[in-house]
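Okay, so here's the structure we're looking at.
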Amino acid sequence: MISVDGARLNADLAALGRIGRRSSGGISRTSFSAADTQARAWYRDRCAEAGLTVEVDGIGNMFVSSPQLPVDGPAVWSGSHLDTVPDGGAYDGALGTLAALECLRRLHEERVPLARPVFALVYTDEEGNYSHLFGSSALARGFTRAELEALTGREGDRFADAFVAAGGDVDRATRTTVEPARIHATVELHIEQGPYLERLGQQIGVVTAIVGLGGGTVTFRGRPDHAGTTPMTMRQDALLGASALITRFPEIARAVGDRAVVTAGIIGVEPGGANVVPGLARLTVDFRDLDAARLDALGQAITAAAREEAARYGLTVELDLEPAIPPCHLDERVRDIIAGSAAARGLTAHAMPSGAGHDSQNLARLAPTGMIFVPSAGGRSHCPDEHTDPADVENGANVLLDTIISLADRA
Ligand code: GLV
Ligand code: MN
Ligand code: MN
């Protein structure tokens with residue numbers, strides 16, 4: 001049995017965590033930002049240093065392979081993302097990306113005889129600055145030029161501008177889909193990002209399913225007016241409609257199911273003056289559930305509630321919801337391999353669903369896919385306090401290594 005170099009992996013995590021670090025202690029490496037570009041260059045340097053080969057597809061997904069391992073036939077893929085949410089943490093995406101690199105380095109160093117190629121991957125824009133799970137969606141379904149041209153980022157910037165400025169070619173970005181026959185199986189290591197493993201005192205999570213994701217923007221339009229002279233009874237305040245909708249999210253989620261969640265993470269008003277009644281309010285909605293019918297019910301309940309609140313406050317409302325990413329069940333054979341590896345290494349393991357979205361849910365549409373979780377301190381994630389113990393990092397990476405070897409070895 002070979003193992004990862006835990007000290008090297010934890011040192012890589014610390015080094016990557018310095019790229020995009022802010023004074024808050026959080027990390028902002030949103031996709032195609034200068035920090036994201038710097039992280040990609042740093043990652044490429046690590047690959048070159050190790051003697052590995054890097055290829056990049058039209059949307060910026062990176063595929064790393066070893067000249068010491070097989071190159072032909074369906075491959076085993078493992079990877080995650082280097083981008084972060086604004087003011088995020090040092091482990092979300094970084095762990096799975098660097099652990100896959102560490103596994104490939106170990107296979108390469110030991111010249112482990114395998115039957116199949118192994119690729120370490122970096123998926124573009126997992127956090128959806130421009131589109132949720134962007135890079136893996138480009139692999140699974142592809143994007144048309146019109147879709148790419150229409151995408152805008154959190155800051156309102158056009159994807160096409162940021163992409164071209166970072167050296168991308170929009171035409172090439174329309175040719176990214178991958179033939180399922182090229183992939184034998186995929187596996188991703190990730191922090192849990194929630195409290196369950198820590199609470200239960202378990203070391204490894206064997207992920208059973210990943211939530212479905214719905215979302216988009218809701219825009220309320222009213223009338224801008226003078227904040228001092230317009231009586232309360234004469235206003236069409238767009239922000240009142242938006243606020244009323246948001247306060248209904250807990251009841252909407254509760255009515256659909258225990259694990260249903262609805263969030264407005266971004267809200268903006270126009271024209272945006274302290275002494276002007278808001279004429280427009282735009283919010284993002286992000287809603288999730290493990291069941292496709294419940295996900296659909298959430299979208300319908302949000303739509304109905306937005307229309308009711310618009311009518312109540314004399315507003316109009318437009319909903320622009322993106323096609324939902326369906327929930328998925330992960331492959332039972334890959335799950336068994338992960339559980340077997342945890343047991344062989346004397347680690348406790350717990351089967352559990354993922355409330356966070358992951359590129360693996362797109363990859364599961366292409367090939368048998370599994371995910372491994374390790375505990376998140378205090379269940380905290382998407383914030384500067386995100387932390388996973390170095391011993392858990394090493395445990396997770398060793399289970400990943402065993403799983404990759406098993407998958408790449410089998411007939
Ligand atoms: C990704 O982190 C997501 O769950 O949105
Ligand atoms: Mn994330
Ligand atoms: Mn992630």
Side-chain angles (χ1 to χ4, degrees), residues 85-88 92 126-129 131-133 152-154 156 192-196 209-222 235-270 272 277-328 353-358 361 376 378-383 385-386:
V85 293
D87 214 20
D92 176 3
E126 190 268 359
E127 298 290 6
N129 185 16
S131 181
H132 216 157
L133 313 182
T152 53
R154 291 189 191 98
E192 179 200 338
Q193 308 183 268
Y196 295 102
I210 307 177
V211 281
L213 308 170
T217 57
V218 184
T219 308
F220 289 90
R221 287 177 207 276
R235 298 180 178 207
Q236 288 170 259
D237 183 336
L239 186 54
L240 285 181
S243 313
L245 173 63
I246 294 168
T247 59
R248 290 180 62 179
F249 284 174
E251 111 206 2
I252 289 173
R254 217 172 15 248
V256 167
D258 287 354
R259 297 288 296 243
V261 288
V262 187
T263 306
I266 303 178
I267 184 158
V269 293
E270 290 178 16
V277 175
L280 178 149
R282 179 172 289 125
L283 60 136
T284 57
V285 285
D286 173 304
F287 52 96
R288 305 176 182 213
D289 197 276
L290 281 162
D291 175 84
R294 289 199 299 260
L295 187 68
D296 200 42
L298 281 175
Q300 287 179 23
I302 293 164
T303 303
R307 293 196 176 127
E308 281 165 24
E309 297 310 330
R312 190 189 318 273
Y313 290 99
L315 312 168
T316 61
V317 67
E318 283 157 42
L319 288 107
D320 185 9
L321 300 185
E322 290 161 20
I325 299 178
C328 82
S354 171
H358 298 287
Q361 66 202 104
S376 290
R380 305 289 314 283
S381 183
H382 280 187
C383 61
D385 290 338
E386 191 173 87

Query raised in the report: Ser354: what forms a side-chain hydrogen bond (donor to acceptor under 3.5 Å, both in side chains) with it, not counting sequence neighbours?
Result: His358
Query raised in the report: Hey, does the side chain of Thr247 reach the backbone of Ala244 with a donor-acceptor pair shorter than 3.5 angstrom?
Result: yes
Query - Which residues share a side-chain hydrogen bond (donor to acceptor under 3.5 Å, both in side chains) with Glu126, sequence neighbours left out - result: His81
**Report entry** Set of side chain to side chain contact (heavy atoms under 4.5 Å, CB included) partners for Arg221, sequence neighbours left out
**Finding:** Thr219, Leu280, Arg282, Thr316, Glu318
Requested in this report: Over all heavy atoms of both residues, which pair between Ala306 and Val218 is shortest? Give the atoms and the distance, please.
Outcome: CB-CG1, 4.2 Å
Query raised in the report: Of all heavy-atom pairs between Pro327 and Ala292, which one has the smallest distance, and what is that distance?
Result: CG-N, 3.5 Å
Query raised in the report: Does a side-chain heavy-atom distance below 4.5 Å link Ile266 with Leu283?
Result: no
Query - No-hydrogen, no-angle side-chain donor-acceptor test under 3.5 Å, Ser376 and Glu192 - result: no
Query raised in the report: Any idea which heavy atoms bring Ala253 and Val262 closest together, and the distance?
Result: CB-CG2, 4.1 Å
Query raised in the report: Under a 4.5 Å cut-off applied to non-hydrogen side-chain atoms, are Leu213 and Leu133 in contact?
Result: yes
Requested in this report: Identify, with sequence neighbours excluded, every residue that meets salt bridge (charged side-chain N to carboxylate O under 4.0 Å, His left out) alongside Glu322.
Outcome: none
Query raised in the report: To the nearest 0.5 Å, how far apart are CG in Leu245 and CD1 in Ile302?
Result: 7.5 Å
**Report entry** Set of residues satisfying side chain to side chain contact (heavy atoms under 4.5 Å, CB included) with respect to Ala301, sequence neighbours excluded
**Finding:** Ile252
Query raised in the report: Under 3.5 Å, is there a donor-acceptor pair between the side chain of Glu386 and the main chain of Asp92?
Result: yes
Query - Intermediate values then yes/no, side-chain contact (heavy atoms from CB on, under 4.5 Å), Leu321 and Thr303 - result: CA-CA 9 Å; Leu321 300 185; Thr303 303; 4.1 Å; yes
Query raised in the report: What pair of heavy atoms forms the shortest contact from Ile210 to Ala356, and how long is it?
Result: CG2-O, 3.4 Å
Requested in this report: Not counting sequence neighbours, list each pair that qualifies as a salt bridge (charged side-chain N to carboxylate O under 4.0 Å, His left out) and has a residue in residues 305-316.
Outcome: Arg248-Glu308, Arg248-Glu309, Glu309-Arg312
Query raised in the report: Quick one: salt bridge (charged side-chain N to carboxylate O under 4.0 Å, His left out) partners of Arg294, sequence neighbours excluded?
Result: Asp289
Query raised in the report: Among Val269, Leu239, Asp237, Leu240, which residue meets the side chain to side chain contact (heavy atoms under 4.5 Å, CB included) test with Val277?
Result: Asp237
Report summary line: Residues Leu295 and Gly214: closest non-hydrogen pair is CD1-N, 4.0 Å
Query raised in the report: Any side-chain heavy atom of His132 within less than 4.5 Å of one from Asp286?
Result: yes
Query raised in the report: Taking only residues two or more places apart in sequence, or in another chain, which ones meet Asp291 in a side-chain hydrogen bond (donor to acceptor under 3.5 Å, both in side chains)?
Result: none
Requested in this report: Could you tell me whether the side chain of Gln361 and the main chain of Val211 form a donor-acceptor pair under 3.5 Å?
Outcome: yes
Report task. Evaluate the criterion side-chain contact (heavy atoms from CB on, under 4.5 Å) for residue pair Phe287 and Val261; output intermediate values, then yes/no. Result -> CA-CA 6 Å; Phe287 52 96; Val261 288; over 6 Å; no
Report task. Using side chain to side chain contact (heavy atoms under 4.5 Å, CB included) as the criterion, list what pairs up with Leu315, not counting sequence neighbours. Result -> Phe220, Gln236, Ala310, Tyr313
Requested in this report: Sequence neighbours left out, what passes side-chain hydrogen bond (donor to acceptor under 3.5 Å, both in side chains) with Glu270? Give chain and number order.
Outcome: none
Report task. Scan for side chain to side chain donor-acceptor pair (under 3.5 Å) pairs involving residues 254-269, sequence neighbours excluded, and state none if there are none. Result -> none
Report task. For Asp385, check salt bridge (charged side-chain N to carboxylate O under 4.0 Å, His left out) against everything at least two apart and list the hits. Result -> Arg380
Requested in this report: Show the numbers, then the answer: is there a side-chain contact (heavy atoms from CB on, under 4.5 Å) between Thr217 and Val285?
Outcome: CA-CA 6 Å; Thr217 57; Val285 285; over 6 Å; no
